[in-house]
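As the structure is a computational prediction, the values presented were derived from the model and not from experiment. Positions are given from 1, in the same order as the sequence printed here.
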Amino acid sequence: MKTLKITTALFILGIISGCAELSAINHKVGDWAGEINRTLNADKQQFSDTLTSKRDIDTLYVRIKRNVGFETMEEMLKCDPESNKNCAWKKSAIAEGGYVHEKTPGVYYRMADSFGKEGRYYAEVILEKEGRNTLISWRVKGSQDFANQIKADILKAVK
């Protein structure tokens, strides 16, 4: 009878320790799955933020354009779409990729474009005159690292 109790106790102890190991394995698999999901969906995350600056809107436009890496249509094309058919096709392809560059000097600027391999990331920055201040808002689609880089570039331009 005593051996039966010892055998039963050892059997139950083995089951409990086996469950603990299965739980640890399940936790590790869950961590891996989460990491894979974050990697695969990195380009689907969206971030946005806004700040107000006392700097001149035109100065901020030039600095943000340079720091983030936005280009005007003329800078991107380096050709005349009116006289060159290939250039006109390139212009329409750029626009279909989400490119935007709107300017009303002294009042409003909007820049947006795709970045990264195959246009995986997207950034849009809007500058608006608000009294003596400039309202800067931005929206980013992509990874947290890309969003942090865009924010750092904007903050560097504001300083």
Side-chain angles (χ1 to χ4, degrees), residues 20-159:
E21 283 198 27
L22 286 177
S23 177
I25 291 171
N26 188 32
H27 183 71
K28 196 65 158 171
V29 169
D31 289 345
W32 290 336
E35 186 63 35
I36 290 170
N37 190 31
R38 277 191 294 280
T39 302
L40 293 176
N41 293 317
D43 56 341
K44 294 180 180 155
Q45 298 178 41
Q46 293 189 29
F47 307 91
S48 62
D49 207 348
T50 303
L51 69 89
T52 302
S53 173
K54 295 193 180 293
R55 287 208 182 265
D56 175 63
I57 189 170
D58 297 316
T59 302
L60 285 172
Y61 160 71
V62 171
R63 289 179 173 189
I64 290 172
K65 179 179 167 287
R66 178 187 61 228
N67 288 358
V68 175
F70 290 117
E71 294 180 312
T72 63
M73 185 62 78
E74 294 79 22
E75 291 169 338
M76 290 180 87
L77 293 177
K78 298 180 179 91
C79 59
D80 181 18
E82 301 298 323
S83 63
N84 185 334
K85 199 172 223 176
N86 287 335
C87 190
W89 288 341
K90 184 178 178 182
K91 182 178 179 179
S92 67
I94 290 170
E96 286 177 17
Y99 172 84
V100 177
H101 202 101
E102 300 171 353
K103 302 186 281 187
T104 306
V107 181
Y108 175 83
Y109 293 94
R110 179 174 173 229
M111 300 169 282
D113 203 357
S114 298
F115 294 91
K117 185 177 180 183
E118 298 174 4
R120 184 174 181 176
Y121 306 119
Y122 186 77
E124 176 184 38
V125 178
I126 299 173
L127 306 170
E128 298 174 283
K129 188 74 172 166
E130 193 175 70
R132 290 184 170 176
N133 297 326
T134 301
L135 178 67
I136 306 164
S137 56
W138 63 94
R139 185 173 55 97
V140 176
K141 291 181 184 174
S143 68
Q144 180 71 52
D145 291 339
F146 179 69
N148 290 342
Q149 182 61 50
I150 295 295
K151 184 174 184 174
D153 290 343
I154 291 171
L155 292 176
K156 181 180 174 186
V158 170
K159 290 183 180 180

Next item on the list: Work out which heavy atom in V68 is nearest to a heavy atom in F70; give both atom names and the distance.
Entry: CG1-CE1, 3.5 Å
Next item on the list: Kindly write out the residues that satisfy side chain to side chain donor-acceptor pair (under 3.5 Å) with S114, not counting sequence neighbours, or none if the list is empty.
Entry: none
Note to self: Consider side chain to side chain contact (heavy atoms under 4.5 Å, CB included). Of I126, I57, L127, which one does Y108 pass it with?
What the structure shows: I126
Margin query: Going by the rule ring pair (Phe, Tyr, Trp, His ring centres under 6.0 Å), which residues pair with Y61 if we only count those two or more places apart in sequence or in a different chain?
Written below: H101, Y109
Notebook entry, point to check: Under the salt bridge (Lys or Arg N to Asp or Glu O under 4.0 Å) test, which residues partner D56, sequence neighbours left out?
Noted result: none
Item checked: Counterpart residues, side chain to side chain donor-acceptor pair (under 3.5 Å), relative to N133 (two or more places apart) -> none
Note to self: If you apply the rule side-chain contact (heavy atoms from CB on, under 4.5 Å), what do you find for Y99 with E71, and how did you get there?
What the structure shows: CA-CA 10 Å; Y99 172 84; E71 294 180 312; 5.5 Å; no
Checklist line | R63: salt bridge (Lys or Arg N to Asp or Glu O under 4.0 Å) partners, not counting sequence neighbours | finding: none
Checklist line | side-chain contact (heavy atoms from CB on, under 4.5 Å) partners of L135, counting only residues at least two apart | finding: T50, T52, E128, E130
Check: Do you know the tightest heavy-atom contact between Y121 and G116?
Finding: CD1-CA, 4.3 Å
Next item on the list: Go through the structure and list residues passing side-chain contact (heavy atoms from CB on, under 4.5 Å) with E74, not counting sequence neighbours.
Entry: T72
Notebook entry, point to check: Residues in salt bridge (Lys or Arg N to Asp or Glu O under 4.0 Å) with R110, at least two apart?
Noted result: E102, E124
Checklist line | Straight-line distance of L60 CG to K129 NZ, nearest 0.5 Å | finding: 9.0 Å
Checklist line | Y122 versus A112, closest heavy-atom pair with distance | finding: OH-CB, 3.2 Å
Margin query: Let me confirm one number: the OG-CD1 distance from S48 to I150, rounded to the nearest 0.5 Å.
Written below: 13.5 Å
Notebook entry, point to check: Can any side-chain N or O of R55 pair as donor or acceptor with the backbone N or O of V158 at less than 3.5 Å?
Noted result: yes
Margin query: Whether E75 and K65 form a salt bridge (side-chain N of Lys/Arg under 4.0 Å from carboxylate O of Asp/Glu) is what I want to check.
Written below: yes
Item checked: K151 NZ to D49 CG distance, which is reported to the nearest 0.5 Å -> 4.5 Å
Checklist line | Taking every non-hydrogen atom, the tightest pair across G106 and D58 | finding: N-OD1, 2.9 Å
Check: Which pair of non-hydrogen atoms, one from I136 and one from S53, has the smallest distance, and what is that distance?
Finding: CD1-CB, 4.2 Å
Margin query: Show me the pairs that pass ring-ring contact (aromatic ring centres under 6.0 Å, His included) and involve residues 123-143, at least two apart or across chains.
Written below: none
Checklist line | Qualifying residues under side chain to side chain donor-acceptor pair (under 3.5 Å), relative to D153, sequence neighbours excluded | finding: Q149
Notebook entry, point to check: Between Q45 and V140, is a side-chain contact (heavy atoms from CB on, under 4.5 Å) present by the stated rule, with each step listed?
Noted result: CA-CA 8 Å; Q45 298 178 41; V140 176; over 6 Å; no
Check: side-chain contact (heavy atoms from CB on, under 4.5 Å) with Q46: which residues, sequence neighbours excluded?
Finding: K141
Next item on the list: Apply side chain to side chain donor-acceptor pair (under 3.5 Å) to K156 and list each qualifying residue two or more places apart in sequence or on a separate chain.
Entry: none
